[in-house]
Amino acid sequence: MNPEKVIETYYEAIDHKDPRTAHACETRRRLVTYLFRNMDNNRLYNYSYATNDADEINNITRARVIRIQPYQGPGPEQPDVKKYMVEVDINVRRVITYDSGRQVRFFTLRRETPTTGWRIDDISTGP
């Protein structure tokens, strides 16, 4: 899939309550961060994605991509990295760091290996 299709698939999976497909759109490096994000201090790591209280994928009840456009971040371009500004309309179950409505997210997609294709490496609220 091209990078834009990966982003669309990610949000379509979230909209269809399919976290497995959404996570399949992410790089291995991003998936590893779920092991330690918002972790209980009495554990060595989170046992699953669902353990994570601030799990964005399970907190979103509806998602619709409005616009995807490439942007050039600071620094030199890398052939295995592409950056996009994505406007998405979402509804959230619980307000954690943002409310329901139109949101702008900045995606960094990376080609981990020549055979795996593009995957989401980072999602942030600013470039």
Side-chain angles (χ1 to χ4, degrees):
M1 291 189 283
N2 65 32
E4 293 90 347
K5 184 63 179 162
V6 172
I7 294 168
E8 289 171 1
T9 300
Y10 176 77
Y11 279 118
E12 285 171 7
I14 292 171
D15 192 53
H16 292 106
K17 314 297 181 272
D18 183 4
R20 187 179 185 125
T21 299
H23 287 303
C25 293
E26 299 175 303
T27 61
R28 290 173 285 193
R29 181 170 65 176
R30 182 171 168 81
L31 292 171
V32 167
T33 66
Y34 288 107
L35 290 172
F36 308 104
R37 188 181 299 164
N38 301 321
M39 193 174 74
D40 180 333
N41 289 333
N42 297 313
R43 293 190 174 157
L44 291 174
Y45 59 90
N46 289 321
Y47 303 129
S48 74
Y49 299 116
T51 306
N52 194 340
D53 264 353
D55 178 18
E56 181 174 354
I57 289 175
N58 290 314
N59 191 44
I60 297 174
T61 59
R62 184 188 60 79
R64 184 176 59 89
V65 174
I66 297 166
R67 180 174 43 132
I68 300 173
Q69 75 182 74
Y71 84 93
Q72 175 61 41
E77 271 191 54
Q78 299 173 355
D80 62 335
V81 174
K82 293 195 177 201
K83 297 181 181 236
Y84 292 87
M85 185 196 73
V86 178
E87 186 176 356
V88 63
D89 186 19
I90 59 174
N91 284 357
V92 294
R93 192 172 273 114
R94 266 185 22 196
V95 174
I96 298 173
T97 57
Y98 55 87
D99 204 348
S100 296
R102 287 187 174 203
Q103 308 284 328
V104 173
R105 295 290 180 263
F106 292 85
F107 279 67
T108 301
L109 282 90
R110 182 176 304 277
R111 188 182 299 244
E112 290 181 293
T113 69
T115 57
T116 57
W118 294 99
R119 296 216 175 136
I120 299 166
D121 195 43
D122 186 52
I123 303 172
S124 60
T125 56

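The first residue of the sequence shown is numbered 1, and numbering continues consecutively from there.
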Sort and list the pairs that fulfil ring-ring contact (aromatic ring centres under 6.0 Å, His included) and have at least one residue in residues 75-103, not counting sequence neighbours.
none
I90 backbone acceptor or donor facing Q103 side chain under 3.5 Å:
no
Pairs meeting criterion salt bridge (charged side-chain N to carboxylate O under 4.0 Å, His left out) with involvement of residues 61-73, two or more places apart:
R62-D89, R64-D89, R67-E87
Quick check: is V88 connected to M85 through a chain of hydrophobic side chains (ILVMFWY, heavy atoms under 4.5 Å apart)?
no
Within a reach of under 6.0 Å around CD of Q72, are more than 12 heavy atoms found that belong to other residues, nucleotides or ligands?
yes
To the nearest 0.5 Å, what is the distance between CZ (R29) and CD1 (I120)?
13.5 Å
Kindly list each side-chain donor-acceptor pair under 3.5 angstrom involving residues 5-15, sequence neighbours excluded, with atom names and distances?
| residue | atom | partner | partner atom | Å |
| --- | --- | --- | --- | --- |
| T9 | OG1 | K5 | O | 2.8 |
| D15 | OD1 | A63 | N | 3.0 |

Smallest separation among heavy atoms of I66 and R102, with atom names
CD1-NE, 3.3 Å
Between the side chain of K82 and the main-chain N/O of F107, is any donor-acceptor distance below 3.5 Å?
no
Quick check: closest heavy atoms across R110 and V81, and the distance to 0.1 Å?
NH1-CG2, 3.3 Å
State which residues pass salt bridge (Lys or Arg N to Asp or Glu O under 4.0 Å) with R105; sequence neighbours excluded, sorted by chain then number.
none
Can you list every ring-ring contact (aromatic ring centres under 6.0 Å, His included) pair that touches residues 108-127, not counting sequence neighbours?
none
Run the side-chain contact (heavy atoms from CB on, under 4.5 Å) test on R119 and R30 for me, step by step, so that the C-alpha distance in whole Å, both residues' side-chain angles and the decisive distance to 0.1 Å come before the verdict.
CA-CA 10 Å; R119 296 216 175 136; R30 182 171 168 81; over 6 Å; no
Determine the minimum heavy-atom distance between I57 and P19, stating which atoms define it.
CG2-CB, 3.9 Å
Only counting residues at least two apart or in another chain, list the ones meeting ring-ring contact (aromatic ring centres under 6.0 Å, His included) with Y71.
F106
Distance check, rounded to the nearest 0.5 Å: R94 atom CZ versus D99 atom CG?
13.0 Å
So with a 6.0 Å cut-off around CZ of R93, is the heavy-atom count from everything else above 12?
yes
Path from V65 to V104 over hydrophobic side-chain contacts below 4.5 Å
no
Does the T108 side chain pair with the main chain of D121, one donor and one acceptor, at a distance under 3.5 Å?
no
Value for OG1 (T21) from NE2 (H16), rounded to nearest 0.5 Å, stands at 10.5 Å
